[in-house]
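Please read all numbers here as calculations on a predicted model, not as lab measurements. Reminder, nothing fancy here: chain letters follow the sequence lines and each chain counts from 1.
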There are 2 protein chains.
Amino acid sequence: MSETNTRVPLTERDLTDTTEGCPVREVLDRVGDKWSVLIIVMLGQRTHRYGELARAIDGISQRMLTLTLRALVRDGLVERTAHASVPPRVDYTLTELGHTLLEPLTALDHWANEHREDIRAARERHDRAKDQQHG
Amino acid sequence: MSETNTRVPLTERDLTDTTEGCPVREVLDRVGDKWSVLIIVMLGQRTHRYGELARAIDGISQRMLTLTLRALVRDGLVERTAHASVPPRVDYTLTELGHTLLEPLTALDHWANEHREDIRAARERHDRAKDQQHG
DNA sequence: CTGGATCCCGCAAGATACTG
DNA sequence: CAGTATCTTGCGGGATCCAG
C-alpha cells in the first residue's frame, strides 16, 4: 500500500509479515505445491482436457488433479470450459493472468537450469564432509 | 510476451518428467516450503545471526529455522560461520549462488505485487458465484 | 546463544471405489 | 470421460526439554 514497487528487490517488511500479505509467500502458497506449476506450464502450451492432463502429468491422482485445477480456476489463473456433449468434454485453458505468471516461472526455470549442477555439487561436497566427520 | 525472448519458455518434457529432473520442480522443492524464501530474502539484505532470524521471522519455530538453514547450507545457498566465542555466535550469509536466486525470486515478487489484487478479485467473484448456486 | 532430540498432532495427499 | 466420496497414511511442522 505504501509505495508499490519500482525497483527495490524485496523488503524485509514485505516478507516477514506473515499475517498481512507477504507477496512472495502468497504466490508461493498458490504455486509452491506439488502440481500447480506442472499444470500451469502444460496449459501454457495449449488448452488441455482433463484426461490429457491426467495422463501427461506422471504420478498425479485424480483427486489432486481436480483439487489443484479447482484452486487454479478459483484464483483466475485457469478457465474451465465444460462442453455439454456425450461423452462429456472439459477443457482447461490458461487465462491472461495465468499467462503472465508464466514469465516469472520461466525465470525460475532458467535459474534452475543454470544452477542445478552447482546445487548438486554443493550438496555432494557437503555430504562428503559430513561423512568424514563420522569416520 | 511477444518480444525478444529467444528462449523457449518451458518445455513439456522438462516439466512432466518427475523422476529425472524437472528444473522448476526441483527449485520449487527447495524453495517452495514455508520458510526458505523468507530466510533467503532476509539474508539477501545482510548477514544475520541465528537469533536474529528467529526473532525477525514471525512464527517460525527453532526446529524449523534450524532445519531450513541446514538445507540451505547443504545446497550451497547459505554459508554458516560459527565464531568460537562465548557466548557462541553463528552468522548466516547468503552465498553467491544464493544471491543469484534472489533475482528470479524478485521477479516472482513483482508478479505477486502486480496481480495479487486480480487474484483476490477472481477468488471473490468465484466464491460469490458458488454461493448463489447454493442459494 | 545456538542448536539437538523427542513427542505428538493435523492435514496434505495417495488409493480405491462409485456416479452423472 | 470427468469427476466425487471415503478411508487411510505419511510427514511437515509445532511444542517442549536438554546440551555444549
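- The side-chain heavy atoms of L72(B) and L43(B), taken from C-beta on, include no pair separated by under 4.5 Å.
- Where R89(B) and D33(A) each meet DNA chain C at their nearest nucleotide, the meeting point lying more 5' is that of R89(B).
- Scanning both residues, V27(A) and V24(A), for their nearest heavy atoms gives CG1-O, 3.0 Å.
- Side chain of R116(A) to backbone of P23(B): no donor-acceptor contact under 3.5 angstrom is found.
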Inset, instruction - For the pair T106(B) and V41(B), evaluate side chain to side chain contact (heavy atoms under 4.5 Å, CB included) and give the outcome as yes or no after the intermediate values. - result: CA-CA 9 Å; T106(B) 302; V41(B) 173; over 6 Å; no

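- In this structure, the side chains of V90(A) and T81(A) stay at 4.5 Å or more apart for every pair of heavy atoms.
- What separates CD of Q62(B) from P of dC18(D) is a distance of 14 Å, to the nearest Å.
- When side chains are defined from C-beta on, T95(B) does not count as touching V78(B), because their heavy atoms never get closer than 4.5 Å.
- Over its length, the helix from dC1(C)-dG20(D) to dG20(C)-dC1(D) turns its helix axis by 50°, as judged from the five terminal pairs at each end, rounded to 10°.
- In terms of heavy-atom proximity, M42(B) sits nearest to A56(B) at CE-CB, 3.3 Å.
- A salt bridge links E124(A) with R128(A): the distance from a Lys NZ or Arg NE/NH1/NH2 to an Asp or Glu carboxylate oxygen falls below 4.0 Å.
- Both P88(B) and P88(A) sit near DNA chain D, but only P88(A) has its closest nucleotide nearer the 5' end.
- Residues R49(A) and R89(A) meet the side-chain proximity criterion, which asks for heavy atoms closer than 4.5 Å.
- The nucleotide range of DNA chain C contacted by chain A, defined by atoms under 4.0 angstrom from heavy atoms of the protein and reported 5' to 3', is dA13(C) to dG20(C).
- In the region residues 64-85 of chain B, proximity to DNA chain C at under 4.0 angstrom, judged on heavy atoms, holds for T66(B), R70(B), R80(B).
- Between the CG atom of D91(A) and the C1' atom of dA2(D) there is a distance of 12 Å, given to the nearest Å.
- At a threshold of 4.0 Å, the pair E117(B)-R120(B) counts as salt-bridged, since one of the basic side-chain nitrogens sits closer than that to a carboxylate oxygen.
- Put simply, CG on D29(B) is 14 Å from P on dC11(D), counting in whole angstrom units.
- Salt bridge status for R80(B) with D91(B): absent, with no side-chain N to carboxylate O gap under 4.0 Å.
- R63(A) comes within contact range of at least one nucleobase, with a heavy-atom separation under 4.0 Å.
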